[in-house]
Amino acid sequence: MSTQTKSSTIDSIVKMEKLNKWYGTFHVLKDIDFDVAKGEKIVVCGPSGSGKSTLIRCINRLEEYQEGSLTVDGVALNEDIKNIEAVRREVGMVFQHFNLFPHLTILENLTLAPLWVRKIPKKEAEATAMEYLERVKIPEQALKFPGQLSGGQQQRVAIARSLCMNPKIMLFDEPTSALDPEMISEVLDVMVELAEEGMTMICVTHEMGFAKKVADRVIFMDAGQIVEQNNPQEFFDNPQNERTQLFLSQIIDH
Amino acid sequence: MDNTFTPIEARKPPSGAIGPIAWMKASLFSSPVNTILTVFFAYIIIRFVPPIIDWAFISANWVGTTQEECTKSGACWIFIKQWFSQLLYGSYPESLHWRVNLALIGLVAVVVLQFFLPQHLRRRVGWVSLLVYPLISLWLMYGGFGLETVSTDKWGGFSLNILLAFAGILMSLPIGIVWALGRQSEMPFVRVVCISSIELFRGVPLITILFMGSVMLPLFFPAGVQLDKLMRAFIAITLFQSAYMAEVIRGGLQAIPKGQVEAANSLGLGYWKTMRLIVLPQALKISIPNIVNTFIALFKDTTLVLIIGLFEVLSTIQAALQNSNWLGGHHIEGYVFVAFVFWVFCYTMSRISVHIEKKLDTGHSRS
């Protein structure tokens, strides 16, 4: 199924060119060139502070950048708030700490954006929301509040909430890092299913099993740069860069 | 070993562990210090409470119309009774008291509506009533459009405190919200204006603001333009308490994790929708105790308008005490009565706040 995906630049849905970002005087992203093809699944890994979260947060403009250019789904991401909101409508994001809205029920969490951003009628939005809750296997929790759910359930709700906006790209920012170990697989299962349906996904994660299973490409970042990228097979079995080898030995050797 | 589980039958607790005697032992006499405190407070209660009850009720004078009929040693409640109408309505013409009553009943109705309407009506009817009621009550109080006009210098008594407080509360919450959001704005100009104005109003005593409003404000208006004295007091109190409200709400805003805004943004919600749907509902909820605290402060501050010559309830008491028929020194009765009335209202507000908090509690920590 990955015949048309591989790095055909015409199909790029995300296109970063010479992207640079600073926090104050700290240079977090350095000359990043990064293309994502439609339907491609990318796993980004690297040590903490390497800029991987910042990189994907640039794609829906939760972070701004200072130099270079970034085009998402044909829209240039710049200061223009209209463009930013247009991009955000098409890009879903799942956070490490779920960030569900605690004052709203699960169903309301899911229908909020379709109602207020897409202006979809309530009935329809609720029907869609229930469909996605079925898909993440917790329709019976629809009327509860987020605080009543386990971490794994909350994260699945968060995924469903993004999907309700019918996004073209899904960003995952360490979606399993805050979960108890026994809940990680239920979230990963949902992500694998989503990948199989052909969603364009960019995941910051250290779940190497997941990377091997679904990624078209694994990217290793350190010190604000893309150090190495390759298909998972090559990346794990035959890492080229010394830094990558060190990192992989550290995360696998215990 | 038998592998079936047989639960042990539940037994009664030992007799020393429950019952009033056990409770007293545990709560009142658990240690020497606790025993001394218990005895001390028992003494205070026995020494002071009966005389107060005696003064306020048993030996009090309830029946009659003049000071001379206060023959018993207790409180002279006749004083309050005779001045009651003044204390409630001030100099509002007696034949038009029904208009004040109607305005006050309307106020109670509007507040009650917010709680007892069915959910789907509460949003619409509740909010509309909050917006329409002030106009209707203003019309009832002031007149015009077919009603006889009663100028604001005739308004007075406790009804003035209540209406001033309610108007202040209605205005200070939205102003406080806007001010608090402005204070956090990313636009430096908006931020600086908001911070400096909040600090100005918060850093000056209310009495000073009232005097400024009453004496200095007219100097800035062109000759001939007169702003009503009550209006000036209202603006002064509202701005003063709005500044406090802004700080209270800022506290609430800062308690909302950044992830909430990020999640809302990532779903495509813009600034205003994020604030309205995500941030403010949570921030206001956790600020309720402090918001109501500010409301209560505002309500009590309405007595300060007496210093610029408005006849609210305290100044009415003072006037009554100087009346030649009532020179027997009824200060205590007067002030106890005012204190009691304020306490009842403030306590009610605090109960309502507890009720709202319970109602809005989704019972669980934020994610």
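Reminder, nothing fancy here: chain letters follow the sequence lines and each chain counts from 1.
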Engineer: Hey, what's the ring geometry for A:H27 with A:W22, parallel, tilted or perpendicular (30° and 60° as the breaks)?
Structural biologist: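 The rings of A:H27 and A:W22 lie parallel, inter-plane angle below 30°.
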Engineer: So, using side-chain contact (heavy atoms from CB on, under 4.5 Å) as the criterion, who are the partners of A:T128 when residues are at least two apart?
Structural biologist: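 Here the qualifying residues are A:Y132.
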Engineer: Is any side-chain N of the basic residue among B:K273 and A:E85 closer than 4.0 Å to the acidic one's carboxylate O?
Structural biologist: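 No, this pair does not count.
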Engineer: Pick from B:A263, B:P281, B:G270, B:A264: which one has the most heavy-atom pairs with chain A under 4.5 Å?
Structural biologist: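 Ranked by contacts with chain A, first place is B:A263.
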Engineer: I'd like to check B:E247 versus B:R183 (side-chain heavy atoms, cut-off strictly below 4.5 Å). Are they in contact?
Structural biologist: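 The answer is yes; the side chains approach within 4.5 Å.
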Engineer: Pick one of side chain, backbone, both or neither for A:R61, based on which atoms fall under 4.5 Å of a heavy atom in chain B.
Structural biologist: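 Neither the backbone nor the side chain of A:R61 comes within 4.5 Å of chain B.
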Engineer: Given a strict heavy-atom distance threshold of 4.5 Å, which part of A:L112 is in contact with chain B: side chain, backbone, both, or neither?
Structural biologist: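 Answer is side chain: those atoms of A:L112 sit under 4.5 Å from chain B.
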